[in-house]
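Quick notes on the structure that follows.
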Amino acid sequence: MLTTTRVDNAYDVALENFDTAADALGLNNDIRVMIKYPERILTVTVPVRMDDGHIHRFEAYRVQHSMVRGPAKGGVRYHPQVTLDEVKALATWMTWKCAVVNIPFGGAKGGVTCDPKHMSQGELERMTRRYTSAILPLIGPDQDIPAPDVYTNSQTMAWIMDTYSMTKGYPIPGVVTGKPISLGGSLGRSEATGRGVFNTIECACEHLRRQLKDTTVAVQGFGNAGSVAAQLLHEAGAKVVSVSDSTGCIYNRNGLNIPEVMHMKFLTGHVYGFPESEPISPAEQLALECEILVPAALENIIHAENATSVRARIIAEAANGPLTPAADRILEGKGVFIIPDILCNAGGVTVSYFEWVQDEQHLFWDAQDVYNRLERVMKTAFRDVLKIRDEHKVPMRIAANMLGVGRVAEAVQIRGIYP
Ligand code: GLU
């Protein structure tokens, strides 16, 4: 009997995505074995003196999936549920993601299993610095460049940059992206993921001949990606009827005032209890009658058991891996247009690339320049994926994986094997 539980292992999903794309591309086995698995995996112990004086041991990882097309690139996640398999999956997706938007990076990811919501700034700083020291042999502006991910931010990047620079003896801003502007960060980086999500939604609406204005939207997750996407959709005239964060979901059938929700989130840390809204359950949110659903939090949110209840026409995957393969099949079957994660949320790493380029050149661009370049990259990638979808008659996710995997396969073929 086929049983699908909601706790799909993200790495199994990543491998399955790869195999499907590789089959569709007709890749031979030699190429497959060279690009499928992570090139380097580092597990480290991170001992930290906590505020009460005792030493706590955190387990942490840095996985470099691929350096075929350039230095490894990817964020660092702080979350209680971080596992090595999750980090391997996220590193793998980074490889295909960078290739989809055609930036000269491979893929990597880091993670620390910790509960940042219950740690002080001092504890977070000590943990970040010790983690940086532990992964130091792997990272560097020409090797592997960390960035923010779930529950890490520009301050985390500043600590990594400082620890790395102090160890080397001179400032090396290009070792991380998503830094504060004052340390060589790029304008537009903090909103880049949400902005890229918005750009791909615009493309999807154009493709489906729908007006963005007056469409209804639900956004699950109101962090960096979800809140910015909600804001831009609101500005474009869409009705964002529901948003949520880890504290709860809110709903207003006439559309929420997103700038005010953002203000409340900034002041209180949550969206729950927003005055002009009613609370709904997470299950009700996913089942809302709306045109666009934006899952913008963690993996496996939509799975075999709840996918049938989804009524949206477009799903824009701002999160990495929010749909299980079973959910994918159900939603494809219902004719839902899915903008897959490695395309939809690639705006973050794209502006990370711009930041890295600016650091290398010591020459900085204005915000509009960053936005215009980002929009060009996202819209080109969307068109490229759509073209493969139409030519090969495959779903958007497979088309995106074919584009990413195909570019890496081409590069490895040209490079050949060492020795
Ligand atoms: N964490 C983001 C992602 O999953 C950004 C990675 C980066 O900028 O390197 O794409």
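When a ligand or atom number is given, it counts from 1 through the structure's own listing order. Since this is a predicted model, take the numbers as computed values, not measurements.
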Nearest-neighbour protein heavy atom for atom 8 (O) of ligand 1, which is reported as residue plus atom name and distance: Ser352 OG, 2.6 Å
Ligand 1-proximal atoms of Met157, by part, heavy-atom distance under 4.0 Å: neither
Closest protein heavy atom to atom 1 (N) of ligand 1, given as residue, atom name and distance to 0.1 Å: Asp149 OD1, 2.8 Å
Contact check, side chains of Asp144 and Lys73, non-hydrogen atoms, under 4.5 Å: no
Atoms of ligand 1, numbered as shown, that sit under 4.0 Å from any heavy atom of Gly74: 9 (O)
Close-contact set for ligand 1 against Asn320 heavy atoms, below 4.0 Å: 4 (O)
Gln413 side chain to Val408 backbone, donor-acceptor under 3.5 Å: no
Close-contact set for ligand 1 against Met94 heavy atoms, below 4.0 Å: 3 (C), 4 (O), 6 (C), 10 (O)
For Lys97, atoms of ligand 1 separated by under 4.0 Å from a heavy atom: 3 (C), 4 (O), 10 (O)
Under-4.0 Å heavy-atom contact with ligand 1, by part of Arg189 that carries it: side chain
Pro148 contact mode with ligand 1 (heavy-atom cut-off under 4.0 Å): backbone
Minimum heavy-atom distance Leu138-Gln143, with the two atoms named: O-NE2, 3.3 Å
Within 45° cone of Tyr11 ring axis and under 6.0 Å: Lys88 NZ or CZ: yes
Separation between CE of Met396 and CG of Leu343, rounded to the nearest 0.5 Å: 5.5 Å
Atom 7 (C) of ligand 1 - nearest protein heavy atom and its distance: Ala147 CB, 3.3 Å
Shortest non-hydrogen contact between Arg32 and Asp19, atoms and distance: NH1-O, 4.2 Å
Close aromatic pair by centroid cut-off 6.0 Å: Phe337 and His207: yes
Minimum-distance protein heavy atom relative to atom 9 (O) of ligand 1: Lys73 NZ, 2.8 Å
